Amino acid sequence: MYQIILCALLLYTGQLCAQHAFRIGDIQHRITVGYNLGASAPFSLPNTIREIKSYSPVFAPSIGYEATYDISEKWLVGAALRFDVKGMEVTDSVQYFHTIITVDNASGDQGTFEGDFSGTNATTVKNSYLTLPVYGGYRLGSWDFKIGLYVARLLNGRFEGSVSDGYIRKGDSLGEKVLIDRATFDFAEQIRKWDWGGHLAFARNFGVHWQATLTAQVGAQPIFPSSFKGVGYDLHNMYVTLGAAYRLW
């Protein structure tokens, strides 16, 4: 349904653009600031996660530049370039959660285990992106509604944490049982370099210069490639940005 609505909107705005005499001086330029709230999570909660014990956001600012162009009194097109930090801290209780962990043994060496873990999992995610959303929009009074797509390039990735108070079965749920007091994981190197998905935004205009904004972005592509086995399900970036915009000219 989202794709149908988006295609219809793009086709309609494309027809309007073809009928409109473009004037570069009519482009509106804005500086945007905001704060990202959300999670890198599966679309639906898998049965391996039995309980979410805690969740908290990390410091996740959004700073950017936006350009919009009115092709009629009601319709507009636009694009932006944003620096986004997206992340969270979460602790959950898991059972037979497939992962790869690193354990320190008595001699001080480290051993790596892949298998199904049961116990407590604590994860910290903090990824920085350069984000380019492109969209069409509709104006209704003081409100602007925008729908489109975004593509983002990973600048710096962090996905790490620990498992504790449980055990891991090597290989799969039928493998050898190994008790785990505490072990760690770090999957930053496996995060995809590119992210893309849907972009939906609402903006309330206050006078000529100021806007209050609410933007939602949902990643269509999992943040890890399908070949990676450190997380037993697909994780997607799903975040909303609470922000403001100031029109420069």
Side-chain angles (χ1 to χ4, degrees), residues 36-60 85-129 152 154-198 217-240:
N36 292 315
L37 293 168
S40 300
F43 286 143
S44 60
L45 203 64
N47 59 12
T48 55
I49 298 179
R50 297 307 174 94
E51 179 187 2
I52 304 295
K53 294 184 175 181
S54 68
Y55 163 87
S56 61
V58 298
F59 180 61
V85 177
K86 297 180 177 180
M88 63 175 187
E89 293 179 345
V90 62
T91 301
D92 47 27
S93 177
V94 298
Q95 185 171 13
Y96 296 127
F97 167 68
H98 195 85
T99 188
I100 301 171
I101 60 174
T102 301
V103 182
D104 294 327
N105 58 33
S107 63
D109 297 328
Q110 291 185 331
T112 299
F113 294 92
E114 178 179 351
D116 292 349
F117 174 79
S118 297
T120 299
N121 170 66
T123 302
T124 298
V125 181
K126 191 172 184 180
N127 298 325
S128 301
Y129 291 94
L154 181 70
L155 302 177
N156 184 64
R158 181 185 176 192
F159 192 107
E160 62 188 23
S162 65
V163 295
S164 59
D165 303 323
Y167 62 89
I168 190 170
R169 291 204 178 262
K170 292 185 178 181
D172 55 34
S173 58
L174 300 178
E176 177 189 351
K177 182 178 180 179
V178 179
L179 296 178
I180 301 294
D181 289 330
R182 186 180 184 276
T184 60
F185 57 85
D186 187 346
F187 302 147
E189 294 299 321
Q190 285 73 38
I191 300 173
R192 290 183 191 267
K193 300 303 182 184
W194 292 95
D195 181 38
W196 64 274
Q217 291 186 339
V218 178
Q221 176 175 253
I223 67 172
F224 292 114
S226 59
S227 59
F228 177 62
K229 305 303 180 183
V231 180
Y233 41 77
D234 290 337
L235 300 177
H236 300 261
N237 284 326
M238 295 181 283
Y239 290 85
V240 297

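Please read all numbers here as calculations on a predicted model, not as lab measurements.
- Here Met238 contributes atom CE and Lys86 contributes atom NZ; the two are 11.0 Å apart, rounded to the nearest 0.5 Å.
- Residues passing the side-chain contact (heavy atoms from CB on, under 4.5 Å) test with Val231 are Phe97, Phe159, Phe187, Phe224, Phe228, Tyr233, Leu235, sequence neighbours excluded.
- Remark: His98 pairs with Glu114, Asp116 by the side chain to side chain donor-acceptor pair (under 3.5 Å) rule, at least two apart or across chains.
- Here the closest non-hydrogen pair linking Asp195 and Gly219 is OD1-CA, 4.0 Å.
- Counting only N and O atoms by type, the side chains of Asp186 and Thr184 include no donor and acceptor under 3.5 Å apart.
- For Asn127, there are no side chain to side chain donor-acceptor pair (under 3.5 Å) partners at least two apart in sequence or on another chain.
- For Lys177, there are no side chain to side chain donor-acceptor pair (under 3.5 Å) partners two or more places apart in sequence or in a different chain.
- Minimum interatomic distance between Ala39 and Met88 (heavy atoms only, all atoms of both residues): CB-SD, 3.6 Å.
- Annotation: side chain of Glu89 is not in contact with side chain of Lys126 (no heavy-atom distance under 4.5 Å).
- For the ring pair (Phe, Tyr, Trp, His ring centres under 6.0 Å) test, no residue two or more places apart in sequence or in another chain qualifies with Tyr129.
- Annotation: salt bridge (Lys or Arg N to Asp or Glu O under 4.0 Å) contacts involving residues 154-175, sequence neighbours excluded, comprise Arg158-Glu160, Lys170-Glu176.
- Two residues are said to be in side-chain contact when any heavy atoms from C-beta on lie closer than 4.5 Å; Arg192 and Ile223 fail this criterion.
- At a cut-off of 3.5 Å, with distance as the only test, a side-chain donor of Lys53 or Thr120 sits close to an acceptor on the other residue.
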Return all side-chain donor-acceptor pairs below 3.5 angstrom for residues 40-50, not counting sequence neighbours, or 'none' if the list is empty.
from	atom 1	to	atom 2	distance (Å)
Ser40	OG	Asn237	OD1	2.9
Ser40	OG	Tyr239	OH	3.1
Arg50	NE	Asn47	O	2.8
Arg50	NH1	Gln95	OE1	2.9
Arg50	NH2	Gln95	OE1	3.1

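- Residue Leu37 comes nearest to Pro57 through the heavy atom pair CD2-CB, 3.8 Å, listed as atom of the first residue, atom of the second, then distance.
- Looking at Phe117 and Val94, their side chains come closer than 4.5 Å, going by heavy atoms from C-beta outward.
- Under the side-chain contact (heavy atoms from CB on, under 4.5 Å) criterion, Glu189 pairs with no residue at all, not counting sequence neighbours.
- No donor-acceptor pair under 3.5 Å is formed between the side chain of Ser164 and the backbone N or O of Asp181.
- Between Ala183 and Val103, the closest heavy-atom pair is CB-CG2, 3.6 Å.
- In this structure, Leu154 CG and Ile191 CD1 are separated by 6.0 Å, a value rounded to the nearest 0.5 Å.
- Checked by atom type and distance alone, the side chain of Asn36 pairs as donor or acceptor with a backbone atom of Val85 at under 3.5 Å.
- By the side chain to side chain donor-acceptor pair (under 3.5 Å) test, Ser128 pairs with no residue at all, sequence neighbours left out.
- Scanning all heavy atoms of the two residues, the minimum distance from Gly157 to Ala188 falls at O-CB, 3.5 Å.
- No option in Asn121, Ile100, Thr102 other than Asn121 meets the side chain to side chain contact (heavy atoms under 4.5 Å, CB included) test with Phe185.
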